[in-house]
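Written out below as C-alpha cells is the structure these notes cover.
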Amino acid sequence: MQTFNGLYAITPDTDDSERLIEQVGAVLDGGARILQYRNKGSDTVRRLWQANILASLARSRNALFIVNDDVELACAVGADGVHVGRDDAGIAAARAALGPDAIVGASCYDSLALARAAVAAGASYVAFGAVYPSATKPGAVAAPLSLFADSADLGVPRVAIGGITAANAGAVVAAGADAIAVIGGLFEEADPGAAARTLAALYR
C-alpha cells in the first residue's frame, strides 16, 4: 500500500450529506492522507451514497479510503480497506473478502497483546486509543502514549485515536504514532480545512 502515515481523518456520523462532503473536501485539501468513513446509521442507501462520494473525493486527492466496520460496504465502493474492532468481523475474514492487497486495520485499545495478535492475524495497521478523553466514545479505555514506544517492533503502522486536537497532537506524534486519527478535532472546528493543515504539518 502507499505510505500509511500522517493525518487520518474519520468522518462524523451525520445525515447531512452536503455538509459532510464539503467538510471532507476541505480536510483532504488540508492534508489528510487517509480518510475513514464511519457512519453507524441504519439507512443503507444513504450510507452507500455517502461512501461512494467520499471514496471518489479521496481518490481525487490521492488519499487512502477506509470503511469502518462494514466489509460489504467497503467492497461495494472499492475502498482501499476496512477497519475492524473487537466486535467486528475478524481480520482474516475481512482480508478474505477484500483480497490480499487490501488495508485491514484493527482497534487494539490499550493492549499491546491485542496488537501483536492482530499483526499475527494479518492486520495492515493497528490503532491504540483513546489516547485522550473522547467525546465520540466517552467510555473508551485510556491508552497511554507509552504504547507507541513499546510497540515499535510490530512492523506495521501504529495509529493513535481519541480526543486528538491541534493542542495535544504534537505529544502524540512525538510519542511515535505513525498516524493520528481525528474526528472532532477536524469536523467540529469552525474551519476543518485549517485544522487539517495544522495537524498534517506535524508530519512534515
Side-chain angles (χ1 to χ4, degrees), residues 1-11 32-38 40 63-71 73-74 79-165 168-186 199-200 202-203:
M1 64 180 175
Q2 64 197 75
T3 303
F4 194 98
N5 75 329
L7 176 58
Y8 184 155
I10 300 180
T11 64
R33 305 315 313 140
I34 308 152
L35 175 67
Q36 182 188 125
Y37 176 63
R38 181 182 185 276
K40 299 294 188 177
L64 294 168
F65 184 68
I66 308 293
V67 171
N68 180 267
D69 289 358
D70 193 331
V71 173
L73 181 60
D80 295 295
V82 68
H83 185 93
V84 299
R86 180 177 287 159
D87 301 320
D88 306 318
I91 294 165
R95 187 162 300 291
L98 295 172
D101 297 327
I103 298 168
V104 179
S107 293
C108 298
Y109 314 99
D110 64 340
S111 173
L112 187 57
L114 270 180
R116 295 197 187 285
V119 172
S124 309
Y125 72 86
V126 297
F128 293 116
V131 294
Y132 296 112
S134 167
T136 303
K137 289 190 174 183
V141 65
L145 292 182
S146 58
L147 277 168
F148 294 96
D150 296 341
S151 62
D153 63 344
L154 281 178
V156 300
R158 295 149 305 138
V159 178
I161 188 169
I164 298 172
T165 66
N168 59 31
V172 184
V173 176
D178 298 295
I180 47 173
V182 185
I183 305 175
L186 289 170
L199 291 165
L202 295 171
Y203 284 95

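Everything numeric here is computed off the predicted structure, so don't read it as measured data.
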Scan for side-chain hydrogen bond (donor to acceptor under 3.5 Å, both in side chains) pairs involving residues 148-164, sequence neighbours excluded, and state none if there are none. Arg116-Asp153, Ser151-Arg158, Arg158-Asp178
Do Val156 and Phe4 make a side-chain contact, defined as non-hydrogen atoms from C-beta onward lying under 4.5 Å apart? no
Please examine the side chains of Asp70 and Val82, heavy atoms only from C-beta on, and report whether any two atoms are closer than 4.5 Å. no
Is the shortest heavy-atom distance from the side chain of Tyr109 to the side chain of Leu147 under 4.5 Å? no
Between Asp80 (side chain only) and Ile34 (backbone N and O only), is there a donor and an acceptor less than 3.5 Å apart? no
Indicate the atoms forming the closest heavy-atom contact of Leu202 with Gly170, along with that distance. CD1-N, 3.9 Å
Residues at least two apart in sequence or cross-chain that pass side chain to side chain contact (heavy atoms under 4.5 Å, CB included) with Ile161, listed by chain then number, are Ile10, Ala181
Heavy atoms of Gly162 and Val131 approach each other most closely as O-CG2, 3.4 Å
Any chance the side chains of Ser124 and Arg95 put a donor and an acceptor closer than 3.5 Å? yes
State, with a plain yes or no, whether a side-chain heavy atom of Tyr203 is found less than 4.5 Å away from one of Leu7. no
Apply ring-ring contact (aromatic ring centres under 6.0 Å, His included) to Phe148 and list each qualifying residue two or more places apart in sequence or on a separate chain. Phe128
Smallest heavy-atom separation, Ala177 atom then Ala160 atom, equals CB-CB, 3.9 Å
Can you sort out the partners of Ala135 under side chain to side chain contact (heavy atoms under 4.5 Å, CB included), two or more places apart, ordered by chain and number? none
Taken in chain and number order and not counting sequence neighbours, the residues that satisfy side chain to side chain contact (heavy atoms under 4.5 Å, CB included) with Ala123 are Ile91, Ala106, Ala118
Determine yes or no for a side-chain-to-main-chain donor-acceptor pair under 3.5 angstrom, with Thr3 supplying the side chain and Asn5 the backbone. no
I need the Ser146 OG to Leu112 CG distance, nearest 0.5 Å. 9.5 Å
Between the CD1 atom in Ile183 and the OG1 atom in Thr136, the distance rounded to the nearest 0.5 Å is 4.0 Å
Pro144 and Asp110 have their tightest heavy-atom pair at CD-CB, 4.5 Å
Which residues satisfy the side chain to side chain contact (heavy atoms under 4.5 Å, CB included) test with Thr11, sequence neighbours excluded? Leu20, Val24, Leu35, Tyr37, Arg38, Leu54
Where Ala94 and Val104 come nearest, the two heavy atoms and their spacing: CB-CG1, 4.2 Å
Can you list every salt bridge (Lys or Arg N to Asp or Glu O under 4.0 Å) pair that touches residues 133-143, not counting sequence neighbours? none
Nearest heavy-atom approach of Leu199 to Ala169 is CD2-CB, 3.5 Å
